[in-house]
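Report on the following structure.
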Amino acid sequence: MPAFATGLAAQLVHLALLVVAAPLVAGFVPWLKARLLGRIGPPPLQPWRDLLKLLRKQPVLAFNASWLFQAAPALAFAATLAAGALVPSFALGMTTAPAADLLVIAGLLALGRCILALAGMDIGTAFGGIGASREMMFSVFAEPALILVFFTLALLAGTTNLDAIAGVLRDGALGLRLSLGLTLIATLAIAVAENGRIPVDNPATHLELTMVHEAMVLEYSGRDLALIELTASLKLVLWLTLTAAMFCPFGLATPQAGLLSWPLGLLTWAGKIGVLAVGLAGFETGLAKMRVFRVPEFLGAAILLGLLAAVFLFVSTGFSAGND
Amino acid sequence: VNDLLLQILALVVAALFVLGLLGAVAPKAASAMIMAATIAASVAGGIAAFVALATDNSAKTLVLPLGLPGVPMLLTLDALSCVFLVLLFVSATACSIYAMDPHEAEDTRALPFFPVFIGAMALVLLAGDGFTLVFGFEAMSLASWATVLARHEEPASRDAALLYIGIAAFGAACLIPALVLLSPASPGLSFAAMRAGIPPDGWRATLVLVLVLLGAGSKAGLAPLHVWLPLAHPAAPSHLSALMSGAMTKVALYVVIRLLFDLAGPAQPMWWGAPLIVMGLASAVLGALRANIEDDIKAVLAASTIENVGLIAVGIGVALIARAADQPILAALAMGGALLHAINHGVFKTLLFLCAGSAQHGGGSRAMERLGGLIHRMPYTTACVLAGCLGLAALPPGSGFASEWMMFQAVLGAPRIGGLALQMLLVATAGLMAMAAALAAAAAVRLIGVVFLGRPRTPRAAAADEAEGPVLVSLIGLAGLSLALGLLPGPVIRWLGPALRLTVGTAMTEQTGIGTIRPASGVAGYAAPAIAVLIGLALAVALLALRRWAVAGHRQGPAWANGFAAAPAWLPFGDPLTQYGAASFAQPVRRALGASLLAAREQVDMPAPGDTRPASLNVSLHDPAMFYLFTPIARLRGRLAALVDFMQFLTIRRTLSVMFVALILFLTIIAVLESR
């Protein structure tokens, strides 16, 4: 079964790369932002150093921490890693490809979010509560936008399976479409919100009124914090990879092309992540953080774009011709 | 075999009614016996219905020696009733086991109504003619109404019961003409005669649809007739709230499916699905939003019931559209999703209501602001709540996700039917379903986070006692069932096959495996067990890596209090006000969505410096259905009552003259009619 073996190998390489690259991307963006602002900034390897250091530190738990608080970092990491396993980075046809449903990916990310929000409520501090309630409020607007994006893509490709969608788009059968452009913008807005980046949230601050995700996980320290940070950076890379897989699946290795297409796939993946990370750094440098209650408007725009994309798809002739 | 099973089920229903009678006359000491007999009857009924669906799917009819003069009552058992009977009896078994608990058994006021309530619901599901259906439906309404009144000392219970009985009467007033419209001219209202007759068309068909949606929809809690539900369901004792939310709303949905899919014939126009979808979406979003704002645990759960009923209605609506468009696979997908969600919701909502009862008993209140930190004192209940909320929040690999996934796939496939209006409706459906799911997840986090996590808010909650004995048995059993439904939706869909064939003409057998559900054969689908294994593997890797590379153990210390002074000694769990509570957790969602959808307003009263009066924040909400529909109706009723009141207190002279005028009027009418 060489196809199975290739798929499994691609899967393992994919997961290893995802975990290794995640802190690097999370370090690259602030470094580039600092350079853009004329500062030297921490080196891109800094998150990896922090992780290794934190792993050697025992966590300090509040007296009233429950088992849920202690289990949450590993559970959230597992949910995020499981979602990451489903998003093709450099190769199609991985072992998990038949299960790589877009809705499942959204569901697993939501699972991770809910676990962390619960952990934020566990100690009973105001910080945890404010972070958790705001994170859940953002998700109320981010989720419909995301589902509308998936709706349009799935209508175009005829399935909600990410591997199949990437395959269809990779072949270029659909060409350039206005709907795809609109969904791309919506996806980027959702990615910014889901990862708590500027202008929705600021991953670098520890000011009470500006933070959402960081407030939620404020009680974590040591080894647990390492896992939380790794999960956050994994989520960022996952979103960048997901965006690349949905809108720019070119250069992806296929099972038919065999191992020889891997180097090209790996290079293009690195290139795509790099471009998106540079874009993110530029975007964050150019904008200020918005008020919390402006975020529904920001995400509402993403919902509208998603709606528009679907409507354009319906009124364009290509849809009915393609499916009848 | 099914004839025998039907007889068993008929005996079960009869036994439940008799148990109710016994409960009314028997001494208090016998209540445990009656509950035990109820468990036995429920288990027997559940097994009979399960076996009936698994073995032989042909419909069987039993003629009862009861009923209207000359028109006997009919009981019919077919695949659709079997599905709902199993759901009902699973829920009823768990609730009656829960009620065996000595603390619950103390309150015997609701005891006689409990078996009658179960029996009446079973009678609706078994009904083979219109009379039996309405009889069961009304018995179900009255029995549940009596349980809502069980704590009649509380004014809130009385108000809820009044609203509930009003809506129940309205539902019956709609359901009876709907059945009459469906039946042909011949005497009797048997379902077989309705199927054999000409299906309604034109205005009669429209009227049937409207009456069914109002009659059964009001009982299911479909917007805009949902306002009674968050008031009435929490007022009853917990095991009855669980039955009302878990089973009774499903019985109402069964009536919708039975009348619209089976008795109204297959040839109904496509737009029939649209009102169901619109009402379903309104219920889903409003219900989920209210679940984020209510501050009573059971009201949160009841509001979430509205959401789930709405989602099921959307699935039914899409199935109607797909069936009318002659897309049986799509219709089976939508209907399968709706039925699966009905089962899933029946299980996890029963579980959560029983957990709420356990938390109320252990923590001494069902107000979220008086609980907190129950995870430390009630670990089993908390674990069961987590299992139930995994389904409620529609997160993979929970049970709610599988059914919502199926319904979403149906929504995704339906635009192919064509028509821009339908396509627009479906896009809105996709977005609003996602919003409802996200709101449900937020509500679940709020419920767990405020009630079970954090610090206790009252000394009573700090000394909560874990449930024991029968309560734990029912909770753990339901939690296991809910998790199993999430992990193995495929076998359930296969088991539902005959009911799907009955309603939409095709089962999903070829595209459903043990581990996967597919929207169509040959397409990738949702593999729940694989996802669970994937999460498990990721967790194992994470734990192994931590063990290998990270330091072990932990230290403990006080929580970081943001630089505030430590709470005084008379506040052993810290200052309750510094903890996020039910109202504060709700604030972002309430401001962002509640202001527009529920007319949420905040009034901040901040005293001037030097003023010693406390600051206050008042939040007001208006459910639009209450504001635009029920309040005007209540006002109209008040005016009419005032008018009648005026008539009542006339002087004798005037009363006599009114009577005389009325007599003349009637005689004139008769004379005019006679002369024609």
Checking [X] against chain A: side chain, backbone, both or neither under 4.5 Å from a heavy atom?
X: B:L420; answer: side chain
X: B:I535; answer: both
X: B:I375; answer: side chain
X: B:L543; answer: side chain
X: B:L546; answer: side chain
X: B:L386; answer: side chain
X: B:V523; answer: side chain
X: B:F452; answer: neither

Engaged part of [X] at the chain B interface, taking heavy atoms whose separation is under 4.5 Å:
X: A:P296; result: side chain
X: A:D122; result: both
X: A:E135; result: neither
X: A:F77; result: side chain
X: A:A74; result: both
X: A:F293; result: side chain
X: A:N161; result: side chain

Provide the closest heavy-atom pair for [X] versus [Y] in the form atom of the first, atom of the second, distance.
X: A:A62; Y: B:A559; value: CB-CB, 3.9 Å
X: B:A538; Y: A:A82; value: CB-N, 4.4 Å
X: A:I130; Y: B:Y580; value: CG1-OH, 3.1 Å
X: A:Q58; Y: B:A552; value: NE2-O, 2.8 Å

Exercise. Residue by residue, which of residues 392-407 of chain B have a heavy atom closer than 4.5 Å to a heavy atom belonging to chain A?
Worked result: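 The stretch touches chain A at B:L395, B:P396, B:F401, B:W405.
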
Rounded to the nearest 0.5 Å, what separation is found between the [atom1] atom of [X] and the [atom2] atom of [Y]?
X: A:T160; Y: B:Q409; atom1: OG1; atom2: CD; answer: 4.0 Å
X: B:L412; Y: A:T159; atom1: CG; atom2: OG1; answer: 8.5 Å
X: B:L453; Y: A:F69; atom1: CG; atom2: CZ; answer: 11.0 Å

[options]: which one forms the most heavy-atom pairs within less than 4.5 Å of chain B?
options: A:I123, A:L118, A:L146; value: A:L118
options: A:V19, A:L81, A:V60; value: A:V60
options: A:V140, A:T152, A:V295; value: A:V140

Which one of [options] has the most heavy-atom pairs closer than 4.5 Å to chain A?
options: B:W549, B:F408, B:F573, B:Y526; answer: B:F408
options: B:A434, B:G557, B:S584, B:G581; answer: B:G557
options: B:G431, B:P558, B:G553; answer: B:G553

For this session: Flag yes if more than 12 heavy atoms outside B:Y380 fall under 6.0 Å of its OH atom; otherwise flag no.
Result: no

For this session: For side chain to side chain contact (heavy atoms under 4.5 Å, CB included), just list the numbers for B:V589 and A:M136, CA-CA rounded to whole Å, side-chain angles, deciding distance to a tenth of an Å, and then say yes or no.
Result: CA-CA 8 Å; B:V589 169; A:M136 295 319 286; 5.8 Å; no

For this session: May I have the step-by-step check of side chain to side chain contact (heavy atoms under 4.5 Å, CB included) for B:L534 and A:L86, ending in yes or no?
Result: CA-CA 10 Å; B:L534 196 59; A:L86 301 177; 3.7 Å; yes

Problem set entry | Non-hydrogen side-chain atoms of B:T578 and A:T125 separated by less than 4.5 Å | no

Problem set entry | Side chain proximity check, A:L155 to B:P415, heavy atoms < 4.5 angstrom |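 Yes, at least one pair of side-chain atoms sits under 4.5 Å.
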
Side-chain donor/acceptor pairs under 3.5 Å, residues 107-114 of chain A, sequence neighbours excluded:
residue: A:R113; atom: NH1; partner: A:E194; partner atom: OE1; Å: 2.9
residue: A:R113; atom: NH1; partner: A:E194; partner atom: OE2; Å: 2.9
residue: A:R113; atom: NH2; partner: A:E143; partner atom: OE1; Å: 3.1

Exercise. With sequence neighbours left out, what residues match A:A132 under side-chain contact (heavy atoms from CB on, under 4.5 Å)?
Worked result: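 With neighbours one apart ignored, the set is A:A117, A:M121, A:M216, B:F585.
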
Seminar exercise, completed: residues 221-230 of chain A vs chain B, non-hydrogen distance cutoff under 4.5 Å, contacting residues -> A:R223, A:L227

Problem set entry | Donor on one side chain, acceptor on other, B:Q587 and A:S133, under 3.5 Å | no

